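Let me begin by presenting the structure, written as structure tokens, before commenting on it.
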Amino acid sequence: MTGEKSLDKSGGVALWRRVADDIRLDINGGKFIDGGKLPTEGELAARFDVNRHTVRRALAVLEEEGIVRAEQGRGRFVHAARRLSYPIGRRTRFSAGLAGQASDVHGEILEYRVEPAPLPISKALGLTPATRVLRMESLSFADGRPLTRATTWTGPASRFPSLADDFRELGSMTASLNRAGVTDYTRQETRISARYAESSESHQMGLAPGAVLLVGTYVNRDQDGVPFQYTMTRFAADRVELVVNAE
């Protein structure tokens, strides 16, 4: 491990989290293969120029995430869970996008309410300020494992009076929108960023502290080209990779 650059300690992110991030990137990037043995705590401490306690805490988080396993007397090994591929395109659909990768795909509502649209949402949807929209907080699952945490604004609310109840019954946004008369919809745009999960998100998605989320924000248009839905979806980065279609 000689010659590798140590961490810059001037940043505001805890050292253990940055060590965990670097090891996670090495695993996702194929530097450490599934089933392969990780360097010792001493070797990792030397690589990152940190003490062993920092390395130990970072490895504990990775163990909690399930991508590293410890074997008594042998060391730690990579145990990388299979990541699902989620396509991003003009007609992105959660269930269809995971077809062939998961047998049980569904969504669940955490809460919902009708509220005046925040200014960025009303602008994105072409609504007059303070138009009432339906805000839904939801989780989506693939084979029982939480994959996404979403906040969705759909409006105007008067156009979708039973959307939340339909989603609770059907577990599918596409099917629920179809009931509301939206027979087709396309993505106007998608923006993708990344950040650490907040404590509430970690709890709801069953993630370890310091887990990374991929955040997609997008606007949907109906079959007549009218923008009606603004969504912010948080993907668990260790469970899914986003694939942007050439279209």
Side-chain angles (χ1 to χ4, degrees), residues 84-99 102 105-142 146-195 200-201 204-205 213-236 240 242-247:
L84 301 178
S85 295
Y86 186 78
I88 301 292
R90 291 188 67 246
R91 282 185 168 79
T92 297
R93 306 289 188 267
F94 185 74
S95 297
L98 297 179
V105 179
H106 70 280
E108 294 181 4
I109 288 184
L110 298 175
E111 62 176 301
Y112 69 92
R113 62 180 176 271
V114 174
E115 64 180 23
L119 186 57
I121 308 303
S122 62
K123 284 186 174 181
L125 299 184
L127 303 173
T128 57
T131 297
R132 295 177 71 77
V133 294
L134 173 66
R135 175 174 176 166
M136 293 173 50
E137 305 287 349
S138 62
L139 283 171
S140 292
F141 298 80
L147 206 64
T148 72
R149 168 74 170 84
T151 304
T152 303
W153 293 265
T154 307
S158 58
R159 182 184 174 186
F160 303 93
S162 62
L163 184 65
D165 291 334
D166 291 339
F167 185 80
R168 178 174 282 123
E169 174 192 346
L170 302 171
S172 165
M173 181 58 73
T174 299
S176 302
L177 289 172
N178 189 63
R179 277 191 179 179
V182 180
T183 57
D184 190 21
Y185 60 95
T186 56
R187 289 282 174 91
Q188 177 177 313
E189 64 176 12
T190 301
R191 296 176 182 270
I192 302 172
S193 59
R195 62 171 172 81
S200 60
E201 294 166 334
Q204 291 162 343
M205 300 179 72
L213 300 178
L214 301 175
V215 183
T217 58
Y218 51 87
V219 175
N220 285 331
R221 292 179 177 268
D222 66 14
Q223 64 270 19
D224 297 317
V226 177
F228 72 96
Q229 193 170 65
Y230 184 102
T231 300
M232 177 179 66
T233 301
R234 288 81 93 193
F235 299 83
V240 63
L242 302 183
V243 181
V244 180
N245 292 334
E247 66 179 0

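No experiment lies behind these values; they were computed from the predicted model shown.
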Subject >> Residues Phe235, Thr233; criterion side-chain contact (heavy atoms from CB on, under 4.5 Å); working and verdict >> reply: CA-CA 6 Å; Phe235 299 83; Thr233 301; 3.6 Å; yes
Nearest-0.5 Å distance, [atom1] of residue [X] to [atom2] of residue [Y]:
| X | Y | atom1 | atom2 | answer |
| --- | --- | --- | --- | --- |
| Arg234 | Ser140 | CZ | OG | 11.0 Å |
| Met232 | Ser193 | CE | OG | 9.5 Å |
| Arg191 | Ile88 | CZ | CD1 | 14.0 Å |
| Thr148 | Leu214 | OG1 | CG | 11.5 Å |
| Ser122 | Arg132 | OG | CZ | 14.0 Å |
| Arg90 | Thr186 | CZ | OG1 | 5.0 Å |

Nearest atoms (heavy-atom pairs only) where [X] meets [Y]:
| X | Y | answer |
| --- | --- | --- |
| Val114 | Ala157 | CG1-CB, 3.9 Å |
| Tyr86 | Phe94 | CE1-CD1, 3.6 Å |
| Ala236 | Leu213 | CA-CD2, 4.2 Å |
| Pro227 | Gln188 | CB-OE1, 4.0 Å |
| Leu163 | Ser176 | CD1-CB, 3.7 Å |
| Leu134 | Tyr112 | CD1-CD1, 3.9 Å |

**OP:** Go through the structure and list residues passing side-chain hydrogen bond (donor to acceptor under 3.5 Å, both in side chains) with Arg93, not counting sequence neighbours.
**Re:** Asp184
**OP:** Please report the C-alpha distance between Leu98 and Leu147 in whole Å, then the side-chain angles of each, then the deciding distance to 0.1 Å, and finally whether the side-chain contact (heavy atoms from CB on, under 4.5 Å) criterion is met.
**Re:** CA-CA 11 Å; Leu98 297 179; Leu147 206 64; 3.7 Å; yes
Subject >> Any Arg179 side-chain heavy atom under 4.5 Å of Leu170 side chain >> reply: yes
**OP:** Answer whether the closest heavy-atom distance between the side chains of Pro118 and Trp153 falls below 4.5 Å.
**Re:** yes
Original post:
Would Thr154 and Arg159 satisfy side-chain contact (heavy atoms from CB on, under 4.5 Å), going step by step from the backbone distance to the final call?
Top reply: CA-CA 9 Å; Thr154 307; Arg159 182 184 174 186; over 6 Å; no
**OP:** Test Thr174 against Tyr185 for side chain to side chain donor-acceptor pair (under 3.5 Å), laying out the working first.
**Re:** CA-CA 9 Å; Thr174 299; Tyr185 60 95; 2.7 Å; yes
Subject >> Sidechain N-carboxylate O distance under 4.0 Å for Glu137, Arg149 >> reply: yes
Subject >> Gln229 and its side-chain contact (heavy atoms from CB on, under 4.5 Å) partner, picked from Met136, Arg221, Met173 >> reply: Met173
Original post:
Can you list every ring pair (Phe, Tyr, Trp, His ring centres under 6.0 Å) pair that touches residues 158-182, not counting sequence neighbours?
Top reply: Phe160-Phe228
**OP:** Look only at the side chain of Asp222 and the backbone of Asp224, and say whether a donor-acceptor pair between them is shorter than 3.5 Å.
**Re:** yes
